[in-house]
Amino acid sequence: MRLSRYFLPVLKETPAEAQIVSHRLMLRAGMIRQQAAGIYSWLPLGYKVLKRIEQIVHEEQQKAGHLPLLMPTLQSAELWQKSGRYDAYGPEMLRFTDRHDREMLYGPTNEEMITDIVAAYVSSYKALPLTLYHIQWKFRDEVRPRFGVMRGREFLMKDGYNFDLTKEDALHAYNRHLVTYLRTYERMGLQAIPMRADSGPIGGDYTHEFLVLAETGESEVFYDSEITELTFGDRAIDYDDKAECQAVLEEFTSRYARTDETHDEAAFGEIPEERRRSARGIEVGQIFYFGTEYSEKLGAMVTDAEGQKVPLHMGSHGIGVSRLLGAIIEASHDDKGIIWPEGVTPFHAGIVNLRQGDAATDAACEQLYAGLQAKGLEPLYDDRDERAGGKFATMDLIGLPWRVTVGPRGLEKGVVELTSRKTGESEEMGLEAAIDRLAQIYEGIA
RNA sequence: CGGGGCGUAGCGCAGCCUGGUAGCGCAUCUGCUUUGGGAGCAGAGGGUCGCAGGUUCGAAUCCUGCCGCCCCGACCA
């Protein structure tokens with residue numbers, strides 16, 4: 001993309017309404033625009049990152065055999081009356097009536113609807129196991145939305161639901177989700193720690209929240225520092241292997257890690273003092289096994305091998321997709337702007353032409369631009385007639401992980417400059433070498 | 001939902017107390033000079049002062065009501 005043809009309304013000054021760094025940077029980098037309290041338009045740059053995150057979530061879910069579908073944002077009140085949550089939910093649920101005076105709502109979640117779908121079509125244990133998920137906009141009419149996309153009213157969420165014959169199978173689905181989540185967050189450059197969570201009004205013993213450590217996190221968390229040394233990495237895993245998935249769960253949840261809701265001072269005290277940590281965290285996902293409650297209320301039953309009708313064991317598993325942009329920025333920025341991890345960056349590299357209009361620099365930039373594209377990369381070429389300082393400031397603000405600087409000074413020596421946004425370190429090299437280096441960096445990521 | 005604050009140009013703000021033809025910086029446009037970390041000079045355009053009533057010869061300014069947004073707390077992915 002050529003910056004002269006892009007839509008990137010960056011702001012030099014920080015809008016007054018933004019308090020936390022991710023919100024400020026998203027506004028300044030021209031990623032979002034607020035349209036009402038907790039409701040945002042996603043401008044091209046923000047939309048690109050959102051789509052990138054969504055894509056990673058899709059890929060990791062599908063690797064585990066989970067099936068994508070799409071349910072509507074608007075729902076009829078009927079299903080919610082059946083489950084009993086229509087009254088239980090309270091004013092957070094946005095309700096309205098259509099022209100025929102039918103009660104409708106903007107879905108805050110989809111347990112009822114997915115259960116209705118499964119109840120309608122699945123009647124034999126042979127159709128199991130089954131995990132369906134979607135990535136869809138949700139609405140929760142928060143009393144006090146804040147922190148930009150971290151706590152909006154409208155938000156994009158991946159919610160997945162597993163349907164299994166037995167508790168054992170459902171717990172395998174739970175473990176499977178834990179593995180997919182570990183992989184998903186790592187691909188986004190995040191360390192998200194699974195912490196034992198409060199199961200809330202639904203009840204049940206099996207639930208973990210995934211938290212990204214950040215000073216601006218809303219939850220207070222307590223953990224054993226050993227847990228931050230764990231990474232899933234690129235190890236192979238067979239999602240159908242129950243023992244293997246169980247082992248991952250045990251590996252990642254055996255150390256103390258809890259939010260303040262479930263914090264236990266006595267258990268925490270048993271950790272060696274030098275490993276005890278308390279910090280703040282941003283919740284970016286939750287996995288939950290809750291048994292047969294919804295399947296019983298909504299009639300999701302199958303006939304088992306003995307010919308008995310039994311309710312399905314269910315769990316639901318969410319990832320806050322839009323919130324993740326905020327979380328990633330909170331975890332990865334400096335005083336100049338955002339620093340995108342390579343896995344989610346909107347553009348793979350920025351090309352800065354220091355002397356727009358100069359035949360040699362223009363030609364070198366075009367060559368870079370075409371060369372990177374030929375390698376399957378997407379560069380953002382700053383071809384505006386701006387001064388160097390402005391171009392650098394924009395690149396730093398929008399956070400592309402790599403920048404190639406092309407100026408007359410370097411070209412005389414036959415080199416361009418490749419700079420890491422994260423470390424600030426620059427290296428001079430030939431133009432083709434820069435293309436090859438970037439292709440190498442993104443191998444397996446882009 | 002309790003407490004506090006703010007709505008003036010795209011963004012950041014002053015003006016309001018003490019009523020008298022709406023201002024500054026950034027951004028935008030034009031010209032010239034500049035050109036490796038948000039340049040300089042000269043000029044230009046852009047505002048229903050959140051909305052509605054009221055007081056007044058006259059309201060951004062005073063009064064009343066409403067709307068929107070933000071912050072702290074309680075709550076939540």
Side-chain angles (χ1 to χ4, degrees), chain A residues 8-20 23-24 27-28 30 33-39 43 89-93 107-110 137-159 181 192 197-198 200-201 207-212 217-219 259-261 281-288 316-327 335-337 352-358 361 382 384-397 403-413 415-417 419 424 426 428:
Chain A
L8 187 70
V10 300
L11 304 173
K12 221 179 210 178
E13 285 168 291
T14 302
E17 75 262 24
Q19 296 300 310
I20 65 167
H23 190 194
R24 288 202 294 257
L27 290 168
R28 287 197 51 213
R33 177 177 171 82
Q34 180 167 323
Q35 305 292 171
I39 298 176
L43 306 181
Y89 222 94
E92 274 203 348
M93 181 186 275
T109 177
N110 286 69
W137 293 94
K138 309 282 192 291
F139 195 92
R140 290 183 197 170
D141 200 356
E142 296 284 343
V143 190
R144 194 186 156 206
R146 58 182 132 171
F147 304 148
V149 300
M150 295 245 288
R151 188 162 169 206
R153 291 194 291 172
E154 188 183 46
F155 56 98
L156 188 62
M157 180 173 163
K158 169 261 166 186
D159 45 324
Y181 281 25
D198 185 9
T207 181
H208 282 90
E209 288 180 345
F210 288 75
L211 286 112
V212 173
E218 322 172 55
S219 324
T259 62
D260 55 358
E261 291 166 328
I282 301 165
E283 194 192 323
V284 293
Q286 182 162 17
I287 55 176
F288 210 133
S316 67
H317 316 277
I319 291 180
V321 174
S322 48
R323 159 179 280 205
L324 269 167
L325 276 90
D335 55 348
K336 293 177 186 161
V352 171
N353 185 342
L354 291 179
R355 187 76 58 87
Q356 197 70 40
D358 176 87
T361 56
D382 191 344
R384 297 170 305 162
D385 189 16
E386 291 288 329
R387 299 166 63 85
K391 292 191 175 190
F392 289 142
T394 298
M395 283 295 175
D396 288 344
L397 175 61
R403 183 184 83 206
V404 188
T405 309
V406 181
R409 213 184 274 173
L411 287 182
E412 276 174 25
K413 294 187 285 177
V415 298
V416 296
E417 197 176 82
T419 306
S426 291
E428 293 190 334

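Chain identifiers are assigned alphabetically (A, B, ...) following the order of the sequence lines, protein sequences preceding nucleic acid strands; residue numbering begins at 1 within each chain.
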By the 4.0 Å heavy-atom rule, please label [X] as base, sugar-phosphate, or nothing.
| X | value |
| --- | --- |
| A:R355 | sugar-phosphate |
| A:G285 | nothing |
| A:T109 | nothing |
| A:A36 | sugar-phosphate |
| A:A393 | base |
| A:E142 | base |

Legend entry - Salt-bridge present (A:R323, A:E218; N to O < 4.0 Å):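 Answer for the salt bridge query: yes.
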
Inset, instruction - For A:T405 and for A:G320, find the nucleotide of RNA chain B with the closest heavy atom, then tell me which residue's nucleotide is more 5'. - result: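 Its nearest nucleotide lies further toward 5', so the answer is A:T405.
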
Across all strands, who's sitting opposite [N] as a Watson-Crick or G-U wobble pair, both distances under 3.5 Å?
| N | answer |
| --- | --- |
| B:A27 | none |
| B:C62 | B:G54 |
| B:A39 | B:U33 |

Inset, instruction - Can you tell me the distance, in whole Å, between the CG atom of A:L11 and the P atom of B:U28? - result: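 Whole-Å distance recorded here is 12 Å.
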
Using the [atom1] atom as the point on both nucleotides, what is the distance between [M] and [N], in whole Å?
| N | M | atom1 | answer |
| --- | --- | --- | --- |
| B:C51 | B:C67 | C1' | 7 Å |
| B:G15 | B:G73 | P | 29 Å |
| B:C26 | B:A42 | P | 12 Å |

Looking at the base of [N], is there any donor atom on it, or on the side chain of [X], that sits under 3.5 Å from an acceptor on the other one?
| X | N | value |
| --- | --- | --- |
| A:R151 | B:C76 | yes |
| A:E386 | B:G38 | no |
| A:R403 | B:G37 | yes |

Given [N], is OP1 or OP2 found less than 4.0 Å from the side-chain N or O atoms of [X]?
| X | N | result |
| --- | --- | --- |
| A:Q19 | B:C72 | no |
| A:R387 | B:A39 | yes |
| A:K12 | B:C11 | no |
| A:R144 | B:C71 | yes |

